[in-house]
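Both backbone and side-chain heavy atoms feed into the values below; hydrogens, waters and symmetry mates do not.
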Amino acid sequence: MPDSSYVSHAGAVVYIFLESLRPYELIEVSTPHYVTVTANTGPPVQPTTPLQSIVYVGLNHAWPYEITWSELLMSAVLDDGDVIHVDIEQGAVPASVVEFTIMSDLWWWKEINVPDGSGSSWNIHTGAPPGGGRQFSDTIGLWAGQVHNGQWLTFRKAKTLALLSDTYLLRGLERLPAGSRTTFTWLKD
């Protein structure tokens, strides 16, 4: 465990180990949603150690990663700065169906892949595709029994160079009652 930590001006979390690490020790650095890295601690780290002698470990984010229904219900800020809110409206559609809707006023492309758990899937999206025609909402329905196949929703968005990237995964579709409309509102990017 670190002796202390702080957030740098660049937004990186810096952990300070003064007593708990030995020189030239191999350590495993990990945190949720990031790829684990093995690093060597290098020479002795003391308060007088020159800055260039301190070990720096940059962690790469593990995309996509699983989000929870509670994070979406609370409109929590997700790792990439996104805020997605979910609303589940019971009795909104016929009892034989479960409907999925994505909504967003954000300019950039947002997408949810909705699989049926039997090999087929459909994408619903918002935003402006490269050819134009900005869209603010999109909807798809599954038969009520199809939400019990253990499948995951995949949330995608335009990231580096406007390339569409898998960002978040959501499981637990079986919690959605027959006849419900589940609306995902992508509020912040």
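Residues R171 and W69 come closest through the heavy atom pair O-NE1, 2.7 Å. For the residue pair A158 and L164, the shortest heavy atom distance occurs at N-CD1, 4.0 Å. Closest approach of L153 to F184, counting heavy atoms only: CD1-CZ, 3.6 Å. In this structure, V97 and G141 approach most closely via the heavy-atom pair CG1-CA, 4.3 Å.
Taking CG of N123 as the reference point, atom CD1 of I140 lies at 9.5 Å (rounded to 0.5 Å). Distance CG/D189 to CG/D80: 7.0 Å, rounded to 0.5 Å. Taking OG from S104 and CZ from R134, the interatomic distance works out to 8.0 Å, rounded to the nearest 0.5 Å. The CG atom of L72 sits 6.5 Å away from the CG atom of L78 when rounded to the nearest 0.5 Å.
Judged purely by atom type and a 3.5 angstrom limit, T185 has no side-chain atom pairing as donor or acceptor with the backbone of L187. Put simply, the side chain of T68 never gets that close to the backbone of E66: no donor and acceptor are under 3.5 Å apart.
Shown here are the side chain to side chain contact (heavy atoms under 4.5 Å, CB included) partners of K188, two or more places apart in sequence or in another chain: V83. Take F100 and apply the ring pair (Phe, Tyr, Trp, His ring centres under 6.0 Å) test, not counting sequence neighbours, and it matches no residue. For H85, there are no ring pair (Phe, Tyr, Trp, His ring centres under 6.0 Å) partners two or more places apart in sequence or in a different chain.
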Cut-off 3.5 Å, no hydrogens considered: what does the side-chain donor-acceptor table look like for residues 172-181, sequence neighbours left out?
from : atom 1 : to   : atom 2 : distance (Å)
S180 : OG     : P177 : O      : 2.6
R181 : NE     : E99  : OE2    : 2.4
R181 : NH1    : E89  : OE1    : 3.4
R181 : NH2    : E99  : OE2    : 3.4

Pairs of donor and acceptor atoms involving the side chains of residues 142-149, under 3.5 Å and at least two apart or interchain, shall be tabulated with distances.
from : atom 1 : to   : atom 2 : distance (Å)
Q146 : OE1    : W143 : N      : 2.9
N149 : ND2    : D116 : O      : 2.7
N149 : ND2    : Q146 : O      : 3.4

Next on the checklist: Run W186 and T126 through side-chain contact (heavy atoms from CB on, under 4.5 Å) and show every step you take.
Outcome noted: CA-CA 9 Å; W186 210 306; T126 64; 5.7 Å; no
Checklist entry - Do D166 and T154 pass the side-chain hydrogen bond (donor to acceptor under 3.5 Å, both in side chains) test, and can you show the C-alpha distance, the side-chain angles, and the key distance before you say yes or no? => result CA-CA 7 Å; D166 291 356; T154 302; 5.4 Å; no
Next on the checklist: Apply salt bridge (Lys or Arg N to Asp or Glu O under 4.0 Å) to residues K110 and D82 and explain how you reach the verdict.
Outcome noted: CA-CA 11 Å; K110 307 290 179 263; D82 297 292; 5.5 Å; no
Next on the checklist: Test side-chain contact (heavy atoms from CB on, under 4.5 Å) on T101 and I124; report intermediate values, then the result.
Outcome noted: CA-CA 7 Å; T101 298; I124 54 176; 5.7 Å; no
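The 12-atom threshold is not exceeded at CH2 of W107, counting heavy atoms of other residues, nucleotides or ligands nearer than 6.0 Å.
For the side chain to side chain contact (heavy atoms under 4.5 Å, CB included) criterion with H125, the lone passing option out of K157, R156, Q135 is Q135.
Hydrophobic clustering, defined by side-chain heavy atoms of Ile, Leu, Val, Met, Phe, Trp and Tyr closer than 4.5 Å, groups W152 together with L169.
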